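Right, one structure below, let's go through it.
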Amino acid sequence: MRLKRRDVLAGLMAAAAMPGPTLGSDGIVPITAREGKLRLAPPGYPETAIWGYDGGVPGPVIRLTQGTRLHRRLVNRLSQPTAIHWHGVRVENAMDGVPGMTMDAVPTGGHFDYDCRMPDAGTFWYHSHNQSAEQVARGLYGPLIVDEPDPVDVDHDVIVIVDDWRVTEEAQIHESFGQMHDLSHAGRLGNYVHIEMLPRLNTLRRNERLRLRFINPSTDRILELGLMGLEGWVMALDGMPLEAPRPLDNILLAPAQRMDVFVDVTAETGEALILQKERDGGYVLAEFAVQDGVSRSRRSEPKPLPPNPVQNVIPGEDMRKLMMVMEGGAMGGLRDAVYKGQRMSMRDLVTNGQVWALNGVAGLPDAPWVRLSLGEKVQISLVNDTAFPHAMHLHGHHFREILPDGGFGPLRDTLLVNRGQRREIAFVADNPGKWLFHCHMLSHQTAGMKTWLQVGEG
Ligand code: C2O
Ligand code: CU
């Protein structure tokens with residue numbers, strides 16, 4: 001029996017060795033969502049049963065050059081329907097991978113062909129967008145790297161994925177999905193933070209320069225990371241280069257956010273570290289032995305990465321003004337909201353597993369929250385009227401924050417809005433289609449915190 005055999009095979013098996021998903025005559029490369037095993041916990045513990053692309057977590061690194069196209073056939077060998085979303089990539093709407101909105105979920109045994117252009121260079125990622133609070137927690141995600149056309153002057157280019165897992169004492173994924181306490185509070189927080197570095201480096205030389213591409217695929221955890229013996233600059237956020245490199249201090253990553261940093265190995269002797277910071281101190285996620293360098297001094301400050309071709313809003317420009325109020329959750333004081341077209345009390349909302357609302361609506365409405373004409377410039381006030389932070393993510397576009405001093409922040413696709421905060425974002429609605437706007441704390445998204453925009457006709 002095929003299924004049985006797959007279960008027994010370890011996650012290290014390459015997809016090519018699998019009883020092959022049928023290649024079309026076009027030879028499109030498959031990416032198979034299936035069960036696998038991950039060495040998550042230290043030796044002595046069993047491997048962790050996961051769901052992964054090609055059976056691994058993270059899924060295969062997809063690496064392309066800016067301006068080229070990504071072709072992949074998603075093959076579903078899971079027991080649940082699934083879909084891939086290319087997070088942060090300004091794809092055509094039909095390739096956005098949102099079941100019920102841009103495609104049908106791929107059933108068990110089915111497949112879907114993705115073909116999308118990569119307009120921007122940077123660090124992106126892909127993940128399941130169906131029952132994502134469960135599927136991403138089980139491991140259905142991977143890095144998507146789009147290279148600048150010209151090489152960048154670094155010695156190592158490393159993808160750093162830091163994920164938060166909720167595991168049992170046997171190092172197996174805790175099957176506690178959709179618990180109301182998680183949904184209504186800070187989400188499904190884990191008990192085991194795990195780092196994956198691709199490639200895995202053990203030794204560094206003094207004065208080497210590294211590009212570290214941090215990705216937070218955690219369903220709900222906001223990560224705070226730090227470095228020791230590595231000093232440098234923030235170069236890009238959510239795949240989009242900063243206009244000027246910014247000296248690096250803290251690495252704060254809400255779920256789905258990315259940060260590209262360039263760091264030089266400055267440790268005098270011994271070791272350099274990547275740390276996870278928590279209220280009560282720090283945990284070492286990775287350590288590197290540092291050896292004498294080839295070069296005696298540091299390089300000079302890096303030039304900014306080349307900008308991506310994003311239509312920008314300009315300070316002072318006329319924009320359509322909208323407001324998005326986040327409500328609900330525990331200690332949030334939400335009394336009622338509309339769900340599936342009906343006004344419901346908080347109690348009935350809880351019965352329906354919906355405890356968060358955007359502008360008084362819980363869950364995905366049939367009609368868009370707003371219709372924007374193609375090319376329209378919009379400013380959205382994000383008002384967090386809840387007791388929790390939220391990582392608001394817009395599909396198909398990057399936006400800029402309008403800062404309190406009137407200046408503009410960097411381009412982002414996911415913005416962390418803390419409790420009680422009001423933040424302004426602005427963008428040009430230049431990508432036609434139906435685009436989700438949701439909290440990327442996937443537990444919150446599941447429990448109602450999502451809506452959508454229509455850009456252009458539709
Ligand atoms: Cu990263 Cu709607 O998702
Ligand atoms: Cu949230």
Side-chain angles (χ1 to χ4, degrees), residues 58-59 82-91 93 95-103 105 123-137 140-144 161 163 182-189 215-222 238-239 253-258 324-332 334 354-359 362-364 369 382-399 412-421 423 431 433-453:
T82 195
I84 296 180
H85 168 62
W86 314 99
H87 182 115
V89 182
R90 299 181 300 127
V91 294
N93 196 235
M95 294 294 127
D96 201 38
V98 180
M101 179 154 291
T102 68
M103 64 181 285
T123 302
F124 302 95
W125 64 301
Y126 59 96
H127 63 80
S128 163
H129 216 298
N130 199 51
Q131 293 179 240
S132 56
E134 174 176 351
Q135 293 194 2
V136 174
L140 286 167
Y141 63 81
L144 170 55
I161 298 174
D163 193 6
D182 292 337
L183 299 182
S184 60
H185 290 73
R188 185 182 199 267
L189 299 178
I215 304 175
N216 181 2
S218 306
T219 54
D220 297 276
R221 186 179 290 280
I222 302 165
D238 295 349
L253 292 170
Q257 288 185 326
R258 288 89 64 214
M324 164 80 69
V325 183
M326 305 163 222
E327 296 171 296
M331 301 163 282
L334 180 69
Q354 301 291 300
V355 290
W356 302 93
L358 294 173
N359 286 349
L364 204 61
W369 165 52
L382 297 172
V383 180
N384 184 345
D385 201 4
T386 77
F388 294 90
H390 302 288
M392 295 304 292
H393 170 51
L394 176 63
H395 282 217
H397 300 77
H398 275 67
F399 50 77
R412 299 217 73 142
D413 61 42
T414 305
L415 183 72
L416 184 62
V417 185
N418 284 320
R419 54 184 291 182
Q421 267 188 341
R423 308 272 290 268
N431 199 355
K434 300 171 185 229
W435 300 108
L436 278 188
F437 191 31
H438 65 85
C439 180
H440 220 291
M441 273 87 175
L442 296 176
S443 299
H444 295 172
Q445 184 205 7
T446 303
M449 217 167 182
K450 55 182 164 229
T451 191
W452 62 286
L453 290 68

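For ligands, and for the atoms within them, numbers begin at 1 and follow the listed sequence. Remember, it's a predicted structure, so these values are computed and weren't measured experimentally.
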*Could you pull out the atom name of the N/O/S atom in H444 that is nearest the Cu ion (ligand 2)?*
ND1

_H390: its N/O/S atom lying closest to the Cu ion (ligand 2) (atom name)_ =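 That would be atom ND1.
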
_Any carboxylate oxygen within less than 4.0 angstrom of a Lys/Arg side-chain nitrogen, looking at R412 and D238?_
yes

*Flag the pair D413 and R258 as a salt bridge only when some basic side-chain nitrogen lies within less than 4.0 angstrom of an acidic carboxylate oxygen.*
yes

*Would one find an N, O or S atom of H393, in either backbone or side chain, under 2.8 Å from atom 1 (Cu) of ligand 1?*
no

*Mark yes or no for whether H85, through its side chain, and D96, through its backbone, hold a donor-acceptor pair below 3.5 Å.*
yes

_Heavy-atom donor-acceptor pair, N384 side chain to N418 backbone, under 3.5 Å_ = yes

_Nearest N/O/S atom of H87 with respect to atom 1 (Cu) of ligand 1, by atom name, please._
ND1

*Kindly confirm whether atom 2 (Cu) of ligand 1 is within less than 2.8 Å of some N/O/S atom in H395?*
yes

_Atom of H129 closest to atom 2 (Cu) of ligand 1, considering N, O or S atoms_ =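 When I compare the N, O and S atoms of H129, NE2 is nearest to atom 2 (Cu) of ligand 1.
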
_Ring centres under 6.0 angstrom apart (H395, H397)_ = no

*Given NE2 of H127 on one side and NE2 of H440 on the other, what angle do they make at atom 1 (Cu) of ligand 1, to 10°?*
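Between NE2 of H127 and NE2 of H440, at atom 1 (Cu) of ligand 1, the angle is about 110°.
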
_Quick one, S128 with N130, criterion side chain to side chain donor-acceptor pair (under 3.5 Å). Give me CA distance, side-chain angles, the key distance, then yes/no._
CA-CA 6 Å; S128 163; N130 199 51; over 6 Å; no

